[in-house]
Amino acid sequence: MTTYRTRHGGTLRADDIGTEVQLAGWVARRRDHGGVAFIDLRDASGIVQIVVNPDESPASPEVLRSLRSEFCISVTGLVRARPEGTNNPEMKTGEVEVAVGKLDVLSPADVLPFQLDDRFDADESRRLKYRYLDLRRDRMAANLRARSAVIKAMRHVMEERGFLEVETPTLVVSTPEGARDMLVPSRLRPGQFYALPQSPQLFKQLLMVAGVERYYQIARCYRDEDFRSDRQVEFTQLDLEGSFWDQEGVLDTLEAIAAGVVREVRGIDIPRPIPRMTYNEAMSRYGTDKPDVRFGMEIRQLDELFAASEFRAFADTLAEGGTVRGLNAGNAGLSRAGFDKLVDQAKALGAKGLFWMVVEEDGTVRSPVAKFLTPDELAGLVAAMEAQPGDALLVVADEFHTAVGVLGQLRLDLGQPERHDDLEFLFIVDFPVFERAADGGLAPAHHPFTAPVDVEEMRNSPETAVSKSYDMVLNGAELGSGSVRIHDPETQSQVFEILGISREQAEVRFGWFMEALRYGTPPHAGFAIGVDRLVSILQNEQNIREVMPFPKTQTGADPLTGAPGRVEEGQLAELGIEVRADVKAEWSSSQGGVAPPESA
RNA sequence: GGGGGCGUGGUGAAGUCUGGAGUUCACGCCGGCCUGUCAAGCCGGAGGUCGCGGGUUCAAAUCCCGUCGCUCCCGCCA
């Protein structure tokens with residue numbers, strides 16, 4: 001057996017002085033003084049300085065001179081204290097160095113396509129094309145380690161609480177609900193398709209029927225929708241489900257997970273219990289169901305203040321059942337043009353308009369609409385908004401969801417901290433069962449297997465009925481959601497009915513699942529946490545690609561491997577699939593993926 | 001499907017608004033000097049058809065049109 005090393009260089013400390021060690025790693029930096037030369041040797045544990053001194057080292061000057069960035073080398077030498085005054089307190093290994101006796105090049109490296117330097121980023125598609133180099137950078141290596149630490153902490157809590165890790169299939173049946181499915185053609189059944197799972201939802205519920213009682217899985221999920229900085233087609237969730245517990249049981253477990261993960265990655269304890277807020281309260285105070293509570297700037301309700309107002313914009317809105325809401329943007333230092341921009345933005349977000357006011361030093365209010373409001377109304381507004389001189393007030397009169405939604409967005413634009421080490425976990429509870437879809441019909445707020453708090457309420461007033469569902473929010477990002485599930489077939493049928501899915505349709509799509517519910521299904525509930533989002537927030541990364549080892553670009557491509565690519569005609573024929581002529585025509589003019597090599 | 005931003009030696013940027021010689025800065029690369037540096041330093045050098053195509057112009061990195069790629073956002077994400 002070949003021994004490449006006896007120690008990891010990054011772990012060497014003053015205690016190790018006097019030991020002979022063998023190290024292996026990469027040349028992170030070389031400082032050649034003509035005589036003595038220093039090499040920063042990097043391995044997975046960190047960096048240690050090695051010294052090549054011609055007076056004491058048999059290492060060949062030719063070998064030394066040939067060394068370039070990122071050569072993979074092995075060295076043998078003595079750990080010793082650095083000479084007086086040359087310690088480097090910036091480095092964990094800064095008190096020691098390794099005096100090289102023997103130095104071997106295990107593997108040379110070409111000149112790099114970009115510099116592995118955390119001070120600035122290369123173009124991202126270049127980084128992705130050479131991801132194996134990008135991942136050598138401290139920042140990326142730290143992200144990989146953090147990701148591993150997060151999953152380790154999750155597993156620890158799950159195992160401690162008696163959860164059983166079960167793998168569910170990744171080739172499943174397509175259900176035309178929710179997001180687009182990623183499809184996989186079947187060779188044995190030409191013309192038919194598997195789907196990659198959007199989540200293990202129905203399988204984990206079947207595991208409850210199967211008597212597993214406590215299930216978890218680090219599950220890869222797929223949703224074929226457009227990319228965002230926090231969304232990839234392929235992503236990872238901690239998926240969990242349990243029987244004979246309720247919302248409290250789930251939230252208690254989630255809190256333990258959050259605490260365990262933060263402890264493992266950040267080394268700190270989060271405040272417990274994690275605060276809770278109802279969906280309605282979140283919408284009213286922050287205009288979103290995933291509020292960032294690291295800062296205030298809450299939305300205020302001004303209906304009573306303007307109940308008798310003669311200002312048409314307010315009076316008409318209130319008469320139509322709308323609402324007047326205000327936001328104190330603080331001393332934003334906005335110019336007239338700046339306010340005009342906010343007005344345009346509010347309109348783009350769907351509001352009929354946006355009224356702005358600035359509180360002057362003497363307490364009076366400067367605003368294009370000040371003349372339409374009475375002195376009492378203006379004074380009341382300043383009081384209600386707790387405004388100080390210099391503060392900018394933004395007011396929207398509109399239908400509830402529009403009013404709070406627009407102000408909620410402006411709140412984020414004007415107040416959101418850019419980088420912030422604080423971690424503000426929050427549970428949002430009491431989501432509605434349904435919400436209005438774009439087409440005017442009702443859609444499940446979570447998914448159609450979520451239990452309503454009250455079946456009668458759901459039937460009588462589906463628009464306002466509350467469900468037993470909950471989200472976990474961290475710093476304004478939705479980390480995941482879950483619910484108590486429906487465990488009796490009758491309630492499940494009623495939900496489908498309200499959603500406009502007939503018994504026949506439900507039977508075709510979910511009959512296999514509905515049937516399972518008829519065999520003594522225990523009450524059960526669960527959750528799924530987005531691992532990528534959690535890690536990116538913990539690591540202060542703005543984009544989940546930074547915490548995924550091999551992510552795709554926004555157009556779904558992998559610059560490294562060339563995926564997605566075309567396949568040979570023969571492969572398609574076996575699958576009973578043909579690429580349309582108009583699509584083939586596009587191949588010559590643009591992307592069209594990587595073509596397969598010509599087969600003989 | 002829609003809106004915004006970006007594309008300049010190997011890398012990152014400035015130059016583009018207001019057209020006038022491929023100009024500049026930092027890093028890297030190559031060569032030389034240098035025995036205590038740690039983003040080593042000093043000296044010298046090479047390297048770019050300004051993403052691609054078309055147009056306007058005496059003249060285009062710069063203005064116009066198209067196209068490709070990357071990115072952020074809206075839609076979408078049960």
Side-chain angles (χ1 to χ4, degrees), chain A residues 28-41 47-57 61 65 68-70 82-91 93-94 97 99 110-130 133 175-181 198-199 201-202 221-233 235 344-345 348-350 409 412-413 433-435 437-438 441-450 469 478 481 483 495-496 499 501 509-510 530 542-543 545 552-557 559 586 589-592:
Chain A
R29 243 173 212 114
R30 191 181 63 131
R31 294 178 292 281
D32 186 348
H33 288 244
V36 68
F38 304 93
I39 295 164
D40 286 345
L41 183 73
I47 287 179
V48 68
Q49 171 168 285
I50 65 181
V51 185
V52 186
N53 191 320
D55 301 341
E56 54 190 29
S57 169
R65 214 170 298 129
R68 292 292 179 272
S69 283
E70 298 304 318
R82 293 191 178 196
E84 188 74 26
T86 61
N87 283 7
N88 184 345
E90 304 286 310
M91 298 173 72
T93 57
E97 62 187 17
D110 287 352
V111 173
L112 302 175
F114 60 95
Q115 286 156 251
L116 309 188
D117 192 330
D118 280 326
R119 283 174 298 161
F120 51 86
D121 281 343
D123 176 72
E124 198 177 347
S125 48
R126 180 167 300 272
R127 288 173 54 205
L128 292 181
K129 181 177 164 85
Y130 299 96
L133 296 178
T175 52
E177 300 287 324
R180 287 188 192 90
D181 280 327
Q198 295 182 26
S199 85
Q201 182 63 33
L202 295 179
C221 304
Y222 306 83
R223 293 178 191 174
D224 191 5
E225 297 293 345
D226 287 0
F227 289 69
R228 285 284 191 287
S229 56
D230 63 350
R231 271 169 29 196
Q232 287 263 317
V233 161
F235 60 100
D344 289 343
Q345 198 181 341
L349 290 167
Q409 187 57 53
L412 287 179
D413 292 345
V433 184
F434 305 108
E435 60 190 16
L442 285 175
H446 265 87
H447 54 62
F449 314 104
T450 300
S469 62
E478 181 193 319
S481 53
S483 61
V495 169
F496 284 140
L499 289 171
I501 301 172
R509 286 186 201 171
F510 300 113
Q542 304 298 312
N543 195 305
R545 289 190 298 271
K552 309 261 185 300
T553 67
Q554 197 168 43
T555 51
E586 297 251 325
S589 61
S590 67
Q591 19 169 307

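In the text below, chain A, chain B and the rest are named by the order of the sequence lines, each starting its count at 1.
Put simply, the side chain of A:Arg231 gets close to the backbone of A:Asp226: a donor and an acceptor are under 3.5 Å apart.
Separating the C1' atom of B:G15 from that of B:C25 is a span of 11 Å, rounded to the nearest Å. Atom C1' of B:C29 sits at a distance of 9 Å from the matching atom of B:A46, rounded to the whole Å. B:G10 and B:C52 have their P atoms separated by 12 Å, given to the nearest Å.
A:Pro444 comes within 4.0 angstrom of sugar-phosphate atoms only, judged by non-hydrogen atoms across all strands, and of no base. A:Gln345 comes within 4.0 angstrom of no nucleic acid atom, judged by non-hydrogen atoms across all strands. Backbone-only contact: A:Arg126 has heavy atoms under 4.0 Å from sugar-phosphate atoms and none from a base. Base engagement by A:Gln201 is indicated by at least one non-hydrogen atom pair under 4.0 Å involving a base atom. The residue A:Arg545 sits close only to the backbone: its heavy atoms come under 4.0 Å of sugar-phosphate atoms, none of a base. Residue-level contact check: A:Asp413 touches neither bases nor backbone, having no heavy atom under 4.0 Å from any strand. The residue A:Asp55 sits close to a base: some heavy atom pair falls under 4.0 Å. Residue A:Arg82 is in base contact, counting any heavy-atom pair closer than 4.0 Å across all strands shown. Across all strands, A:Asp32 comes closer than 4.0 Å to base atoms (heavy-atom distances). Here A:Thr175 lies out of heavy-atom contact (under 4.0 Å) with every strand.
The listed nucleotides are B:A78, B:C29, B:A40; the one nearest the side chain of A:Ala443 is B:A78. For A:Pro83, counting side-chain heavy atoms from C-beta on, the closest listed nucleotide (B:C29, B:G36, B:G12) is B:G36. Comparing B:U71, B:G28, B:A78 by their closest approach to the side chain of A:His447 singles out B:A78. Closest to the side chain of A:Arg228, from the set B:C74, B:G36, B:C34, is B:C74. In this structure, the nucleotide among B:U35, B:C76, B:U11 sitting nearest to the side chain of A:Pro54 is B:U35. If you check B:C38, B:G36, B:C72 against the side chain of A:Ser229, the one that comes closest is B:C72. Here B:U71 is the nucleotide among B:A40, B:U71, B:G28 with the atom lying nearest to any side-chain atom of A:Glu124. Closest approach to the A:Asp123 side chain among B:C77, B:C27, B:C70 is made by B:C70 (side chain taken as heavy atoms from C-beta onward). Residue A:His33 places its side chain closer to B:A40 than to any other of B:A40, B:C70, B:G28. For A:Thr86, the side-chain atoms get nearest to B:U37 when compared with the rest of B:A78, B:U37, B:C30.
Checked by atom type, the side-chain pair A:Asp413/A:Gln345 shows a donor-acceptor distance below 3.5 Å. Of the N and O atoms on the side chains of A:Ser483 and A:His446, not one donor lies less than 3.5 Å from an acceptor on the other residue.
Note that CD of A:Gln232 and CD of A:Glu225 are 14.0 Å apart. Values are rounded to the nearest 0.5 Å. Between atom CZ of residue A:Arg68 and atom CG of residue A:Leu112 there is a gap of 12.0 Å, rounded to the nearest 0.5 Å.
Applying the Watson-Crick and G-U wobble criteria (two distances, each under 3.5 Å), B:G12 pairs with B:C25. Across all strands shown, B:C38 forms no Watson-Crick or G-U wobble pair with both distances under 3.5 Å. Using Watson-Crick or G-U wobble geometry with both donor-acceptor distances under 3.5 Å, B:C17 finds no partner in any strand shown. B:C50 is unpaired under the Watson-Crick or G-U wobble criterion, no partner having all donor-acceptor distances under 3.5 Å. B:U62: no Watson-Crick or G-U partner with both key distances under 3.5 Å is found in any strand. With both pairing distances under 3.5 Å, B:G69 is matched to B:C6 as a Watson-Crick or G-U wobble pair.
As rounded to whole Å, 17 Å separates atom P of B:C27 from atom CG of A:Leu112. Atom CG of A:Asn53 is separated from atom P of B:C38 by 17 Å (rounded to the nearest Å). The CZ-P distance, from A:Phe114 to B:C29, rounds to 15 Å in whole Å.
The base of B:C38 lies outside donor-acceptor range of the side chain of A:Arg30, with no N or O pair under 3.5 Å.
Between A:Phe496 and A:Phe510, the two ring planes are parallel [angle under 30°; tilted spans 30° to 60°].
Checking the phosphate oxygens (OP1, OP2) of B:A78, a side-chain nitrogen or oxygen of A:Arg223 falls inside 4.0 Å.
For the pair A:His446 and B:A78, the ring geometry does not qualify as stacking, because the centroid separation below 5.5 Å and plane angle under 30° are not jointly satisfied.
The two residues A:Phe235 and A:Tyr222 make their nearest non-hydrogen contact at CE2-N, 4.2 Å.
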